[in-house]
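Shown next, in structure tokens, is the structure this report addresses.
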Amino acid sequence: MTTDPYQTAQEAAAELRARTGVDSFGAALVMGSGWAPAADAFDKVLAEVEVGELPGFLPPSVAGHSGRVRAVRHADRDVLVFLGRTHLYEGHGADVVVHNVRTAIAAGAGTVILTNAAGALRGDLRVGQPVLISDHLNLTARSPLTGPRFVDLTDTYDSRLREVAREVDPGLVEGVYAALPGPHFETPAEIRMLRNLGADLVGMSTVLEAIAARELGARVLGLSLVTNVAAGLSDQPLDHLEVLAAGREAAGDVGALLAGIVGRL
Ligand SMILES: O=P(O)(O)O[C@@H]1C[C@H](O)[C@@H](CO)O1
Ligand SMILES: Nc1nc2[nH]cnc2c(=O)[nH]1
């Protein structure tokens, strides 16, 4: 990454325009663990690019996260779909983690839809259920911002976009998402602590991307797919393969949900 991550995002956006033939994207989606198959729910694939060929990107190193970004046309909208992401725990720093949203916004996206796989801390949430993120607890001890960038996070997860999502699926419930650095899962004591702090979901991504998107004035919608019951709340051990399997199971439903939302943007 050059010294200026915002400049690098502009360079990556210019390269994306050239390789996809799309001058400006209406929205961008980031597919979390297990979400990638849902990307097939959109009308037409215009182009697909290896992110490693774009300035500032590193290929993701986590199973279930491909290093590709897809330009799709859906309901007359051109949408950028990242079929994976870089996580803070991969050790490349916060700027690389949020480079996807910075690039997408530089390429015109005014709405960013962030998806992830998360553990459930609330009894009514079940594996395979998508949950609207109403707010987040950033427990990564990091920010993607450096310097006096005092960004207001009051309505980070856009309430109007949440209404749109509920028009598509009236059964959608909301939850507070807590992000930890990972890559380890939580101890049962940490899950009890997070519950007391007001978390309904726990994960290892999303929050830094949301902050970066809000700094640049984009609207954010966050969606978690519950892939497991959080540590200590069931007798099941936690396993990334279980996370991916739950994502595959839900891909049809969450794909239809995303397609419905994009069609209403
Ligand atoms: O990209 P997301 O947040 O969906 O990935 C989650 C968090 C970890 O990277 C992984 C753990 O299984 O899934
Ligand atoms: N931190 C964390 N991330 C997850 N991603 C999917 N499930 C979990 C979980 O239980 N904890």
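One-based numbering along the sequence shown. Both ligands and their constituent atoms are indexed starting at 1 by order of listing.
Salt bridge R102/D95: present, at least one basic N to carboxylate O contact under 4.0 Å. Using a 4.0 Å cut-off between a side-chain N of Lys or Arg and a carboxylate O of Asp or Glu, E163 and R166 do not qualify as a salt bridge. Taking the charged nitrogens against the carboxylate oxygens, R160 and D158 have no contact shorter than 4.0 Å, which rules out a salt bridge. Between R73 and D43 no salt bridge is recorded (no basic side-chain N to carboxylate O distance below 4.0 Å). Using a cut-off of 4.0 Å between Lys/Arg side-chain N and Asp/Glu carboxylate O, R214 and D155 are scored as not salt-bridged. For the pair E249 and R126, the salt-bridge criterion is not met [side-chain N within less than 4.0 Å of a carboxylate O].
Proximity of G203 to ligand 2 is established by a heavy-atom distance of less than 4.0 Å. Using a 4.0 Å heavy-atom cutoff, Y89 is listed among the residues neighbouring ligand 1. Within the 4.0 Å heavy-atom shell around ligand 2 one finds N228.
Of all protein heavy atoms, the one lying nearest to atom 9 (C) of ligand 2 is F185 CD2, 3.5 Å. Of the protein's non-hydrogen atoms, the one nearest atom 1 (N) of ligand 2 is E186 OE2, 2.7 Å. Scanning the protein for heavy atoms near atom 6 (C) of ligand 1, the closest one is S33 OG, 3.5 Å.
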Assess whether salt bridge (Lys or Arg N to Asp or Glu O under 4.0 Å) is satisfied between D78 and K44, documenting all intermediate values. CA-CA 10 Å; D78 289 340; K44 186 171 187 297; over 6 Å; no
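Nearest to atom 4 (C) of ligand 2 by heavy-atom distance, out of N116, V202, L121, is V202. Counting heavy atoms only, H240 comes closest to atom 11 (C) of ligand 1 of the residues R85, H240, M31, E242.
Using a 4.5 Å heavy-atom cutoff, the side chains of L132 and L221 are in contact.
Less than 4.0 angstrom separates some heavy atom of G32 from each of these atoms of ligand 1: 1 (O), 4 (O). Taking every heavy atom of N116 and a limit of under 4.0 angstrom, the matching atoms of ligand 1 come to 3 (O), 4 (O). For ligand 1 and H87, the ligand atoms under 4.0 Å from any heavy atom of the residue are 1 (O), 2 (P), 5 (O), 9 (O). For ligand 1 and S205, the ligand atoms under 4.0 Å from any heavy atom of the residue are 1 (O), 2 (P), 3 (O). In the vicinity of A117, heavy-atom distances shorter than 4.0 Å reach the ligand 2 atoms 5 (N), 6 (C). Ligand-side atoms of ligand 1 in range of H65: 1 (O), range being under 4.0 angstrom from any heavy atom. Atoms of ligand 2 lying under 4.0 Å from at least one heavy atom of T227, given by number and element, are 6 (C), 7 (N).
Of the listed residues (H87, R85, H65), just one forms a side chain to side chain donor-acceptor pair (under 3.5 Å) with S205, and that residue is R85. Considering V49, V96, T103 as possible partners of F57, the one that fulfils the side-chain contact (heavy atoms from CB on, under 4.5 Å) test is T103.
Here's the thing with M204: none of its N/O atoms is less than 3.5 angstrom from an N/O atom of ligand 1.
Residue-level proximity to ligand 2 for L238 is carried by the side chain, the only part with a heavy atom below 4.0 angstrom. Proximity of S33 to ligand 2, defined as any heavy-atom pair under 4.0 Å, is not found for any part of the residue.
At a cut-off of 3.5 Å, with distance as the only test, no side-chain donor of T8 or H99 sits close to an acceptor on the other residue.
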